[in-house]
Amino acid sequence: MSFLNYFSDTKTNTANVAKERLQIIVAHERGHRKQPDYLPALQQELLAVIRKYVDISDDMVQVEIEHTDSCSVLELNVTLPEK
Amino acid sequence: MAKIIVVTSGKGGVGKTTTSASISTGIAKRGHKTVVIDFDVGLRNLDLIMNCERRVVFDFINVIQGEASLNQALIRDKRVNTLSILPASQTRGKEALTKEGVERVINELAQTFDYIICDSPAGIEHGAQMALYFADEAIVITNPEVSSVRDSDRILGILQSKSRRAEKGQDPVKEHLLVTRYNPVRVERGEMLSVTDIEEILAIPLMGVIPESQIVLNSSNQGIPVILETESDAGQAYDDAVARLLGEEREHRFMTAQRKGFISRIFKGD
């Protein structure tokens with residue numbers, strides 16, 4: 001096997017795959033780390049209220065908290081479906 | 001003022017206890033009064049790695065609960081006389097580690113010792129949190145492997161939010177990266193994350209790289225801390241890591257594949 005691998009350039013560099021996957025997941029998890037515990041529940045409840053009036057799917061409401069030096073901003077981003 | 005250093009990783013089996021044994025032995029060998037505490041209540045193993053398992057009479061939990069004095073529980077190392085071991089309890093649960101109890105024992109140790117090394121259990125639950133809570137510095141052990149790197153990042157988050165220093169708004173816990181089980185040959189083949197990759201992802205200063213080595217199993221079989229195997233590459237790598245931890249500048253070694261000559265390949269069969 002190793003004899004054949006020696007001549008083939010097609011072998012993938014799995015270390016690079018690992019690095020790319022880690023960079024993505026670690027960045028994602030770091031983003032969530034700074035957010036308060038209640039955020040997922042808040043997102044679900046907001047979704048339920050909006051659904052009373054508009055039919056939207058789960059991924060159409062984004063809730064994020066951004067901290068600046070003096071205050072924190074709750075950012076709510078709702079994408080409404082096209083008519 | 002005693003320095004409190006936690007050896008932690010999140011993931012199990014990456015070398016926390018092996019490292020705790022070697023780092024504490026290395027610091028003590030340089031003449032500093034050092035104690036190493038096993039926080040893995042219920043699954044104690046530091047005593048085995050340091051070859052004092054038959055000398056355990058009282059443990060950390062006995063001291064916390066006032067059933068024994070610190071002097072009764074501390075085990076003096078037979079090889080390095082400035083080193084003591086405080087074993088974990090094998091029979092109680094981790095909940096016996098109360099924050100107040102741990103604090104009291106650490107404060108008492110700080111009166112006699114220069115360095116207090118806390119060997120953390122795996123995971124991010126109560127035992128691991130107690131091990132890191134009082135730390136001034138943290139050695140994060142990482143294997144060049146996806147799950148270990150991710151868990152290390154998770155434990156860094158906990159150090160930055162749930163340690164005493166974080167809760168009290170003091171200077172943050174000083175973080176050190178120690179990569180263990182490193183195989184430069186596989187890194188060169190593109191099969192293993194490189195130290196540079198890991199440093200880039202975790203973004204903390206590198207304290208050392210311990211090469212994957214047969215000596216680690218051989219020395220744990222006998223209860224000898226790897227650092228005392230001064231002829232071996234892993235032992236020397238641990239010695240370098242201790243020197244850097246204590247502020248010395250040392251160039252990194254054992255990070256590139258050794259080219260073996262044709263003749264030595266034949267005779268070593270490798």
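In what follows, every chain begins at residue 1, and chains take the letters A, B, ... in the order their sequences are listed.
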From A:E29 atom CD to B:R150 atom CZ, the distance as rounded to the nearest 0.5 Å: 4.0 Å
Under 6.0 Å from the CD atom of B:Q214, do we count more than 12 heavy atoms belonging to anything else shown? no
Flag if over 12 foreign heavy atoms under 6.0 Å of CZ, A:R30: yes
Taken to the nearest 0.5 Å, the spacing of B:D153 CG from A:I25 CD1 works out to 10.0 Å
Got more than 12 heavy atoms from elsewhere within 6.0 Å of CD, B:E231? no
Within a strict 4.5 Å, meaning less than it, do heavy atoms of the B:L193 and A:L22 side chains meet? yes
Quick check on B:K11: does its NZ atom have over 12 non-hydrogen neighbours (other residues, nucleotides or ligands) under 6.0 Å away? yes
Per-residue contact mode, B:R154 against chain A (heavy atom under 4.5 angstrom): backbone
To the nearest 0.5 Å, what is the distance between CG (B:D197) and CD (A:Q23)? 8.0 Å
Rounded to the nearest 0.5 Å, the CG atom of A:N13 sits from the CZ atom of B:R189 at a distance of 12.5 Å
